[in-house]
Amino acid sequence: MNTVNEPRSVDADAPVAVRIDALNKWYGHFHALKNVSLEVKTGERIVICGPSGSGKSTLIRCVNQLEQHQEGDIVVLGQLLDDHPKRLRQIRREVGMCFQHFNLFPHLSVLKNCTLPQTANLGIAESEAMAYALKLLERVKMREHANKYPGQLSGGQQQRIAIARALCMRPKIMLFDEPTSALDPEMIAEVLEVMVDLAAEGMTMLCVTHEMGFARKVADRVVFMDQGEIVEQAPPEQFFSQPESPRTQQFLNQIINHGVTAG
Amino acid sequence: MSSLSASRRPHPALRWVHKQLFPNLLQSILTLATLGLLLWSVPKVLDWLIFSATFVGSSKADCVGGGACWLPVVNRIDLFVYGFYPDTETWRVNLAFVLAGAIIPLLYFKRIDRRWVLGYMMLLPFVMWWLLKGGLGLSSVSSTQFAGILVTVFLGVIGMLFALPMGILLALGRRSKKPAIKLLCVLYIELVRSVPVITLLFMASLMVQLFLPEGVTIDILARVLIVLVMFTAAYMAETIRGGLQGMAKGQYEAAKALGFSYWKTMSVIILPQVLRNTIPPLLTQFIGLFKETTLVVVVGVLDVVGIAMSTTSAPEWIGLEHEVYLFLAMFFFVICFALSRYARHLEKQLEKSR
């Protein structure tokens, strides 16, 4: 696989896809996100990493409002997020998401998993939805499994289908919430490959992942979070070779010593 | 060598007998006692039920075999099945029975698109009502002519099919984030569940009339039907709520992330899975409802129990309570046992498909 982040494809003055401004979130008394601000340009690939409980998943789940924040603003594709249900659905249709546990619909075939969101939410005709779904399944190399059910497939296969399903909504932004954490090691590569391809096509991506190899290869920027705060953000080469904060250094040391960087 | 050891090892059937029936002295005594009891009682019971029983005849005087006298049931079978339904119109009852029975094979075959089955089940109560009560081209039949198995099936099937959607809505309401809706549903469910169905039936037959303006009456069948539906729906709501709670959070999140609205999430993603998982307990509830329909006799609706009671007190059949009530028991047993086996079967299939 080639390194996709060289040369830099992101224009300095590309439009902003996501702007998070002074975001605060509490779970009861627990302060999960502390004054987090982050700007993502169209076509930019962001990898968010950090120890568990650092708020990285919470942060990207705020972007499509699977979690609601209490303070601060989030602007997605020029739209300020509020709790208006219709506007929210509109935004969610333009922001794809991949979950750690895939969350495919087990009672629907693979193909139906990919066509139903299109027909139900985008008003696309069944035949067109099917053609588009098959095209995307082809792309994630799952076309021959189109008529199977999720329960019959491996974790890696399910995650590739989940990506295809999210792409069926023609999203402008993709969120990945630890997409490889629940997978057996031998299946991680097949999922990462799909994500690398997606990045190469210029999709705006926010990925929460521990796959540092993926971050090196694909990310335009690596964001390190700890205890609900963004501690450091930098392009990958700088992030991995000269991390500034001692907390980042400690985290990277731990990760490297445990050999999680392969990939 | 191998043939020797094979011949020495007892036959599998013998080993089963030894292990299951005669493992030790106490068990052996119990086995023998049970066998003795069966050998003594089964021939006697069969003799009374069938061999010495009388099936043909016109009056009690024809029962001379010493066994059961099935004549009240045999001679009044039309009354048991169709009640006082007009003789020329009984084809409507037969057709309604067939339509209701067709649900079972429809549920059985997985090839049939579930939406068709669901549509059929939604339409069926209206079709049955129209078919049995008349109107729109069919001659109208008064509720006072409804009796017997007809009433039991009518109330059971229509009640169930109306209760299901209502139960679903109540379950959704109970989990709603809107406090007013939630409170209403909780109140309703808890209120209905904490009152015996018989009191509700009395209320429907006596009290409702008090609240209605003079001259306005609601059909008695409709009134008891409403009570049975209300009652069953409250119980179903709890079953379905259990199913909803068991649903993985990820399913809701995935649906949200893909931009599904609440009703679409429920109708195409959550409920199909929940209902599939709750078919066995729902069928069990149907069995309950089917038996509960017999309570309508206390408010003057003559279901199959009512017919049995009137038969035993008819002068020409007096003294034959055993046979009549035994027939009643067998009728309910056959239907309920079949349904409960079917529910077990579906449950096993579900476990396999997981």
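In what follows, every chain begins at residue 1, and chains take the letters A, B, ... in the order their sequences are listed.
Atoms CG and CG, from A/Leu116 and B/Leu258 in turn, are 9.0 Å apart once rounded to the nearest 0.5 Å. Taken to the nearest 0.5 Å, the OG1 atom of B/Thr265 stands 8.0 Å off from the CG atom of A/Asn121. To the nearest 0.5 Å, atoms CZ (A/Arg92) and NZ (B/Lys256) are separated by 5.5 Å. To the nearest 0.5 Å, atom NZ of residue B/Lys249 and atom NE2 of residue A/His101 are 11.0 Å apart.
A 6.0 Å sphere centred on CZ of A/Arg19 holds no more than 12 heavy atoms belonging to other residues, nucleotides or ligands. Under a cut-off of 6.0 angstrom, the local environment of CZ in B/Arg344 is sparse, with at most 12 non-hydrogen atoms contributed by other residues, nucleotides or ligands.
At a threshold of 4.5 Å between non-hydrogen side-chain atoms, the residues A/Pro106 and B/Gln251 count as touching.
If you measure heavy-atom distances from A/Ile91 to chain B, you find no contacts under 4.5 Å at all. Residue contact with chain B, scored on non-hydrogen atoms closer than 4.5 Å, involves the backbone and the side chain of A/Phe105 alike.
Counting only distance, with no hydrogens or angles, the side chain of A/Arg93 and the backbone of B/Gly259 share a donor-acceptor pair below 3.5 Å. The backbone N or O of B/Ala257 lies less than 3.5 Å from no partner atom in the side chain of A/Gln65, so there is not a single donor-acceptor pair. A donor-acceptor pair under 3.5 Å links the side-chain atoms of A/His107 to the main chain of B/Val268, judged by distance alone.
Residues A/Ala120 and B/Phe260 come closest through the heavy atom pair CB-CE2, 3.8 Å.
In terms of non-hydrogen atom pairs under 4.5 Å with chain B, the most contact-rich of A/Met169, A/Arg165, A/Lys86 is A/Arg165.
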